[in-house]
Every structure is written in structure tokens, then in C-alpha cells.
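Both backbone and side-chain heavy atoms feed into the values below; hydrogens, waters and symmetry mates do not.
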Amino acid sequence: MDCMKVLDRLGRPLTSLRLSVTDRCNLRCQYCMPEQDYVWLPRADILTFEEIDTLVDVFTGVGVDRVRITGGEPLLRKNLPDLIALLARKTAIEDLALTTNGILLADQLEALRAAGLPRITVSLDTLHADRFKALTRFDSLDVVLRGLELATSAGFDSVKIDTVVIRAVNDDELVPILALGQRLGAEVRFIEYMDVGGATRWSMQDVVSRQEMLRRLSAHFGPISAVDEDTAAPADRFTLPDGTVFGIISSTTEPFCRQCDRSRVTADGLWYRCLYARTGTDLRGPLRSGVGADGLREIVATTWQARDDRGAEDRLATKDRSPLIPVETLLDEPHLEMHTRGG
Ligand code: SAM
Ligand code: SF4
Ligand code: SF4
């Protein structure tokens, strides 16, 4: 089958898909899941691997060639390596990766590699055990560090570290986290704290901007230069004087919506064209009621062609920014949560 490429109303192609395989998580990061109680997606709604397989073919049929497995915590999904093996065999996917909090990484590393997973990103916000516990509610820094360290010698094409930077929480750890990345050969990406659904404690005062991160890093390392590359990847990449490359994802203060080619499917098959979108498109319903691949491709293509989302740019233009969605609304509609959308 020929792949048809579709463009949205701003001329953006659909090339990147984030695939959430569960809404459950074994951490409670303060910037993502700070509440005591959550409403989970009904188990019967969670897509089977066969259904995910069909949907991925639909998306690659309209131009997707990058797939990232996420969650919640994707390593909580039973038999995940079976899904990875399925996806790794698809020649239409040029870039297959997984984002994990690292808690179960050491246990599953061998199976993930054997299944053919080429790239992995580990989220790690602090190197202090007490901070890790305060940030995530679990005393598990050692476990994550062990998983990360083992991952860097497991033969992946790349291992990355993603760090959400929050003022007065971990903004004094930019240098040590970069040093860890250097030691392990893992590229670090600093992420500005975002006011996404689920970040119910978010405040603009807690955001450390890309400009501020660069200022602080150059005060320590010397002149930093931007890597010259023309990609839709959300990280702007930079080089330290010693050649170390790192990224900064500045969705909050310098959004990149104009180049955004990504969308996300939740574990129960809702498709969102923007991290900030209030509504998504149900693909599970048509899939389970027998709409075939051609029909699904048509739904995806026409919906993408109507897309004009620029969520982070809209937020930037909002006066007096405060958390995007109130807790009561999140309890009513868990699809608005970052941990359901997959980041
Ligand atoms: N549980 C996995 C993990 O943490 O790596 C995968 C899912 S998590 C939702 C994906 C990414 O979203 C993580 O790197 C996390 O740090 C990031 N994230 C969650 N809430 C965020 C927020 N409010 N601002 C910026 N990044 C956030
Ligand atoms: Fe933290 Fe990821 Fe879980 Fe959110 S989904 S609470 S970022 S580990
Ligand atoms: Fe893309 Fe929406 Fe994020 Fe902008 S806010 S970069 S449109 S997902």
C-alpha cells in the first residue's frame, strides 16, 4: 500500500505518534500526578496489542514514521516486549523509542532489547534521594539510577535523560545531571515545566525558562552554541565548549507549535492532535465496530487535515496563567490528564 502524506491547515505533516499503552503509573510526580486519587480508564477499553498493531498501520499509512511508546508508565503494561517486537518489525517506522520513569527498567532491559527496541529515554529529575522521594512519593532513586546505568551498556542506539526543571526543586542540578549524562554517554534534555492537564500545582513562578537555563549553564561551562538542525523535534539542541550536546524543550516560554508534527493515542484509543486539546477522536469505537483500515485511515486523514491546534502558543498568549484544568474536571474526564495522554 502506498503511504499518503497528509498536511494540516498550517501545512504540518503527521509524522510522529506517541502511543500510550497504559494510564497507570508507579510514581506520583508532583508536576504530573500530585493528587491522592485518580480515575482510571476502564480495563475493557484498553486496546489490545492486535488493535494497537492495526492503528499503527493506519498511522504509518498517512505518513507517521516515528513512534514513541509512553504512558502512564509503559513498563507496567503486561507483556510490553511482545508489542515492541511487533512494532520493531514494521519497516515504515524509522524511529521507535520508549519513555520510562526507569523504575522497572533493570528488570525488563534484556526483554526490551531482545524485542528490538532501539532507543530509550529515562525521565530523571534529581540525583538527591530525598528530593526524589519528595517529588515522586517513592524512595526509588537508586533503582532508577541502576536501570539507567544498565541501559547505557545494553546496546541501545541511544539512551536519553529527560529532566523537568522546576524552580527551587531541582534547578540547582542542571550541571550535575549534565555531568551524569556525560559519564553515561546519555544526551540530557531539560524540559520546561508545562501547565498541562494534571499539573494542578503549576505556577509560572516555578518555571525556569530556556533562556535562564542557558544563562546558568554558560556561567558554569562557558560559551554554549546552538546545534544547527532543521527538524520538527521539540528539543533545541546545544553544544558545550567540550562538545557535549544537550537539549532544551521550551514548550512553556518558547513554543514550537508551528513545526509540530506529533499526535498521541491514549491506551483506550482516543486520538489527540495536541497536548492541550480538550477533545480527541475516538478510534476504538470504529475499530471495534468493524471499520476497516481504509475507513480508519480516512478518519485520521480528514481529521488531521482540519487540525489547526497551537495549544502551547495559545497558552503563551494567556494572561495570568494558572493550572490549565481544575481537579474536579480531571476527575470527570481523565483523558485530560498528562499521564493519560502520554506527554
Ligand atoms: N511515565 C513515563 C515517564 O515519566 O517517563 C512516561 C510518561 S510521562 C507523562 C512522559 C514525560 O512527560 C516525562 O518525561 C515527564 O517528565 C513529562 N511531564 C509530565 N508532566 C509534565 C509537566 N507538567 N511539565 C513538563 N513535563 C512533564
Ligand atoms: Fe511521573 Fe511519568 Fe508517572 Fe507522570 S506518568 S507521574 S511523569 S512517572
Ligand atoms: Fe504541538 Fe500542541 Fe505541543 Fe503545540 S502545544 S507543540 S501544537 S502538541
Query raised in the report: Do Met338 and Leu270 share a hydrophobic cluster, counting only Ile, Leu, Val, Met, Phe, Trp and Tyr and linking them when any side-chain heavy atoms are less than 4.5 Å apart?
Result: no
Query raised in the report: Can you tell me how far CZ of Arg167 sits from CD of Glu212, rounded to the nearest 0.5 angstrom?
Result: 4.0 Å
Query raised in the report: Quick one: salt bridge (Lys or Arg N to Asp or Glu O under 4.0 Å) pairs with a partner in residues 105-129, sequence neighbours left out?
Result: Asp95-Arg119
Report summary line: The reported gap from OG1 in Thr200 to CD1 in Ile325 (rounded to nearest 0.5 angstrom) is 10.5 Å
Query raised in the report: So, Arg66 and Asp261, do they make that salt bridge, N to O below 4.0 Å?
Result: yes
Query raised in the report: Where do Phe59 and Val67 land on the side chain to side chain contact (heavy atoms under 4.5 Å, CB included) test, with the steps shown first?
Result: CA-CA 10 Å; Phe59 279 97; Val67 175; over 6 Å; no
Requested in this report: Say whether, by atom type as modelled, one donor and one acceptor occur between the side chain of Arg216 and the main chain of Asp171 under 3.5 angstrom.
Outcome: yes
**Report entry** Validation row: Lys90, Leu96 side chains within 4.5 angstrom (heavy atoms)
**Finding:** no
Query raised in the report: Do Leu316 and Phe256 share a hydrophobic cluster (ILVMFWY, side-chain heavy atoms under 4.5 Å, transitive)?
Result: no
Query raised in the report: Would you find a donor on one side and an acceptor on the other, under 3.5 Å apart, between the side chain of Thr163 and the backbone of Val165?
Result: no
Query raised in the report: Looking at Arg278 and Glu333, does any basic side-chain N land under 4.0 Å from a carboxylate oxygen?
Result: no
Query - N/O donor-acceptor pair under 3.5 Å between Arg273 side chain and Trp271 backbone - result: yes
Query raised in the report: According to a 4.5 Å side-chain heavy-atom criterion applied to Ile, Leu, Val, Met, Phe, Trp and Tyr, with indirect links allowed, do Leu180 and Val143 form part of one hydrophobic cluster?
Result: no
**Report entry** Residue list, side chain to side chain donor-acceptor pair (under 3.5 Å) with Arg183, at least two apart or on another chain
**Finding:** Glu149
**Report entry** Residues, nucleotides or ligands: over 12 heavy atoms within 6.0 Å of Arg201 CZ
**Finding:** yes
Report task. Quickly, which of Arg288, Arg43, Arg284 forms a salt bridge (charged side-chain N to carboxylate O under 4.0 Å, His left out) with Asp268? Name it, please. Result -> Arg284
Requested in this report: Might you work through the side chain to side chain contact (heavy atoms under 4.5 Å, CB included) test for Ser263 and Trp304, ending with a clear yes or no?
Outcome: CA-CA 9 Å; Ser263 68; Trp304 186 262; 3.9 Å; yes
Query raised in the report: If you group Ile, Leu, Val, Met, Phe, Trp and Tyr by side-chain heavy-atom gaps below 4.5 Å, do Leu75 and Leu41 land in one group?
Result: no
Query raised in the report: Atom CZ in Arg77, atom CG in Asn79: separation rounded to 0.5 Å?
Result: 9.0 Å
**Report entry** Minimum heavy-atom distance Leu324-Gly197, with the two atoms named
**Finding:** CD2-N, 3.7 Å
Query - Chi angles and distances behind the side chain to side chain contact (heavy atoms under 4.5 Å, CB included) call for Leu86, Val56 - result: CA-CA 10 Å; Leu86 259 175; Val56 169; over 6 Å; no
Query - Stepwise side chain to side chain contact (heavy atoms under 4.5 Å, CB included) test for Cys257 and Glu313 - result: CA-CA 7 Å; Cys257 300; Glu313 289 181 0; 3.5 Å; yes
Query - Heavy-atom closest pair, residues Leu141 and Thr126 - result: CD1-O, 3.4 Å
**Report entry** Sub-4.5 Å side-chain heavy-atom contact between Leu98 and Phe156
**Finding:** no
Query raised in the report: Yes or no on side chain to side chain donor-acceptor pair (under 3.5 Å) for Arg68 and Thr99, after CA distance, side-chain angles and deciding distance?
Result: CA-CA 7 Å; Arg68 180 170 290 272; Thr99 299; 2.8 Å; yes
Query raised in the report: With side chains defined as the heavy atoms from C-beta onward, is the minimum distance between Gln211 and Glu254 less than 4.5 Å?
Result: yes
**Report entry** Backbone of Thr252 reached by a side-chain donor or acceptor of Asp195 within 3.5 Å
**Finding:** no
Report task. Output yes when a side-chain donor or acceptor of Asp309 lies under 3.5 Å from a complementary backbone atom of Cys274, and no otherwise. Result -> no
Report summary line: On a heavy-atom basis, the closest approach of Gly11 and Leu7 is O-CD2, 3.7 Å
Query raised in the report: Short question: side chain of Glu173, backbone of Leu127 - any donor-acceptor pair under 3.5 Å?
Result: yes
Query raised in the report: If only atom types and distance count, is the side chain of Gln182 paired as donor or acceptor with the main-chain N or O of Thr244 below 3.5 Å?
Result: no
Query raised in the report: Would you say Arg137 and Met33 make side-chain contact, with heavy atoms under 4.5 Å?
Result: no
Query raised in the report: Given side chains that start at C-beta, do those of Phe221 and Leu178 come closer than 4.5 Å, heavy atoms only?
Result: yes
Requested in this report: Taking Glu192 for its side chain and Thr253 for its backbone only, find out whether a donor-acceptor pair lies under 3.5 Å.
Outcome: yes
Query raised in the report: Using the ring of each side chain (for Trp, its six-membered ring), is Tyr193 parallel, tilted or perpendicular to Tyr31, with breaks at 30° and 60°?
Result: perpendicular
Report summary line: CG (Asp162) and CD1 (Ile177) are apart, to the nearest 0.5 Å, by 11.0 Å
Report task. Decide, yes or no, whether a salt bridge links Arg297 with Asp294 under the criterion of side-chain N to carboxylate O below 4.0 Å. Result -> yes
Query raised in the report: Can you check whether Val144 reaches Phe132 side chain to side chain, under 4.5 Å on heavy atoms?
Result: yes
Query - Closest non-hydrogen atom pair between Ala106 and Arg146, with its separation - result: CB-NH2, 3.9 Å
Query - Side chain Arg341, main chain Leu275, donor-acceptor under 3.5 Å - result: yes
Query - Glu50, CD: over 12 other non-hydrogen atoms inside 6.0 angstrom - result: no
**Report entry** Shortest non-hydrogen contact from Asn101 toward Glu73
**Finding:** N-OE1, 2.8 Å
**Report entry** Residue pair Phe246 / Ile224, side-chain heavy-atom distance below 4.5 Å
**Finding:** yes
Query raised in the report: Any side-chain heavy-atom pair from Leu330 and Glu35 closer than 4.5 angstrom?
Result: no
Query - side-chain contact (heavy atoms from CB on, under 4.5 Å) partner of Leu112, chosen from Ile69, Leu117, Thr100 - result: Leu117
Query raised in the report: If every non-hydrogen atom of Gly222 is compared with every non-hydrogen atom of Pro241, which pair is closest and at what distance?
Result: C-CG, 3.9 Å
Query raised in the report: For the hydrophobic clusters of this structure (ILVMFWY residues joined by side-chain heavy atoms under 4.5 Å, transitively), does one cluster hold both Leu27 and Leu80?
Result: yes
Query raised in the report: Atom OG1 in Thr340, atom CH2 in Trp40: separation rounded to 0.5 Å?
Result: 8.0 Å
Query - Reported CG-to-CG distance for the pair Leu148 and Leu124, which is rounded to 0.5 angstrom - result: 6.5 Å
Query - Heavy-atom donor-acceptor pair, Asp53 side chain to Phe49 backbone, under 3.5 Å - result: no
